[in-house]
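Note that ligands are numbered from 1 as they come in the structure, with each ligand's atoms numbered from 1 the same way. Position 1 is the first residue of the sequence; numbering continues from there.
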Amino acid sequence: MKIAIMGAMREEITPILEEVGSYSTFEHAGNIFYECSYGEHDLVIAYSKIGKVFSAITASVMCERFGAEVLLFSGVAGGISKELKIGDLIMASALCQHDVDIVAFGHPYGFIPEGVIMTETNDELRALAAEVAVDMGIDLYEGIIATGDQFVASAERKAWIETTFHADALEMEGASVACVCHNFGIPFFVLRAISDSADGEAGIDFDTFLQSSAKVSATFILEMVKRLGD
Ligand code: 4EH
């Protein structure tokens, strides 16, 4: 099976590249795509750079040019739910764009005509993740992830996103990747380990925990890959 694995920042895919060991590289559309085989699967791995636009480019190329049959996103996120502490894992049930605002035309926040507010992730991939979590003895949260082109570091913005979208975590790429995969008809999954709580301390916490949380997410994603059927 051809499996795409993406992150946004280089740090989010470094633990994955370290684990797979050897790979070839292919430069295209402003990205480096790392290709290798892993067990019985063929992997294409890349980091997109930060935000919705760059992540949409990378996901589109993985679907269209690399023929990805499934796409897994691995990375870090700001926690919204009080249950989520730094280092905890959340898989997205659905993703939305918290910065979409055409409310002036009577649309709800996050809605674009002919689109949807919430894009759901693949049921089978979520079920697989739940199994992996049980076997690894890891608490895996499931919830809504809100995406926007903002590093959220304020209690007010975080509270607004929580009440408007019932979001449990936030980041800057998941919903755009979800939109791409949904439109290409590719099953996708988004996993994030918490690096900060999107509050006044977010910048400091993020710098402190980016590497360790990225590793938590990457390790889990690779365990999923090992168990994906052909
Ligand atoms: O890819 C961006 C990174 C932050 S911006 C989104 N990622 C990390 C997830 C994330 C996040 N997103 C929004 C973790 N915490 C978040 C938060 N708000 N509080 C960045 C980081 N470092 C250098 C440059 N840009």
Among all protein heavy atoms in this structure, tell me which lies nearest to [atom], with the distance rounded to 0.1 Å.
atom                    : answer
atom 13 (C) of ligand 1 : Gln150 O, 3.4 Å
atom 23 (C) of ligand 1 : Met9 CE, 4.0 Å
atom 9 (C) of ligand 1  : Val76 O, 3.1 Å
atom 15 (N) of ligand 1 : Asp196 OD2, 2.7 Å
atom 24 (C) of ligand 1 : Ile50 CD1, 3.6 Å

How many angstroms lie between [atom1] in [X] and [atom2] in [Y], if you round to the nearest 0.5 Å?
X      : Y      : atom1 : atom2 : result
Ser197 : Lys85  : OG    : NZ    : 7.5 Å
Ile86  : Ser213 : CD1   : OG    : 7.0 Å
Leu191 : Arg126 : CG    : CZ    : 13.0 Å

(request) Could you tell me whether ligand 1 has any atom less than 4.0 Å away from a heavy atom of Glu12? (result)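 No; Glu12 lies far enough from ligand 1 that no heavy-atom distance drops under 4.0 Å.
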(message) Does the residue Ala153 have a heavy-atom contact with ligand 1, meaning some pair of atoms that are separated by less than 4.0 Å?
(response)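 Heavy atoms of Ala153 never come under 4.0 Å of ligand 1.
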(request) Using the rule that two of Ile, Leu, Val, Met, Phe, Trp, Tyr join whenever any of their side-chain heavy atoms come within less than 4.5 Å, decide whether Met6 and Tyr23 are in one cluster. (result)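 No, it is not one cluster - the side chains of Met6 and Tyr23 are not joined through contacts under 4.5 Å.
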(message) Count I, L, V, M, F, W, Y as connected when their side-chain heavy atoms are under 4.5 Å apart, and connections chain through other members. Are Phe189 and Ile145 then in the same cluster?
(response)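 No, it is not one cluster - the side chains of Phe189 and Ile145 are not joined through contacts under 4.5 Å.
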So which of [options] gets nearest to [atom], if we judge by its closest heavy atom?
atom                    : options                : value
atom 2 (C) of ligand 1  : Glu173, Glu201, His98  : Glu173
atom 16 (C) of ligand 1 : Phe206, Phe151, Phe54  : Phe151
atom 6 (C) of ligand 1  : Arg157, Lys158, Met172 : Met172
atom 12 (N) of ligand 1 : Glu171, Lys49, Arg192  : Glu171

(message) Is it the case that ligand 1 has an N or O less than 3.5 angstrom from some N or O of Val152?
(response)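 N/O-N/O distance under 3.5 Å: yes.
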(request) Fit a plane to each ring of Phe26 and Phe66, take the angle between them on a 0 to 90° scale, and name the class: parallel (under 30°), tilted (30 to 60°) or perpendicular (over 60°). (result)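 Phe26 vs Phe66 ring planes: perpendicular.
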(message) Show the atoms of ligand 1 that are less than 4.0 angstrom away from any heavy atom in Ala198.
(response)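 In order of numbering, the contacting atoms are 19 (N).
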(message) Tell me whether Lys158 is salt-bridged to Glu162, with the criterion being a basic N under 4.0 Å from an acidic carboxylate O.
(response)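 No, Lys158 and Glu162 are not salt-bridged.
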(message) Less than 4.0 angstrom from a charged side-chain N to a carboxylate O is my criterion; do Glu173 and Arg192 meet it?
(response)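 Salt bridge: yes.
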(message) Checking contacts here: is it the side chain or the backbone of Ser195 that comes within 4.0 Å of ligand 1, counting heavy atoms only? Could be both or neither.
(response)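 For Ser195, the contact with ligand 1 is made by the side chain alone.
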(message) Does Lys52, at its NZ atom, have more than 12 non-hydrogen atoms belonging to other residues, nucleotides or ligands within less than 6.0 Å?
(response)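 Enclosed: over 12 neighbouring heavy atoms sit under 6.0 Å from NZ of Lys52.
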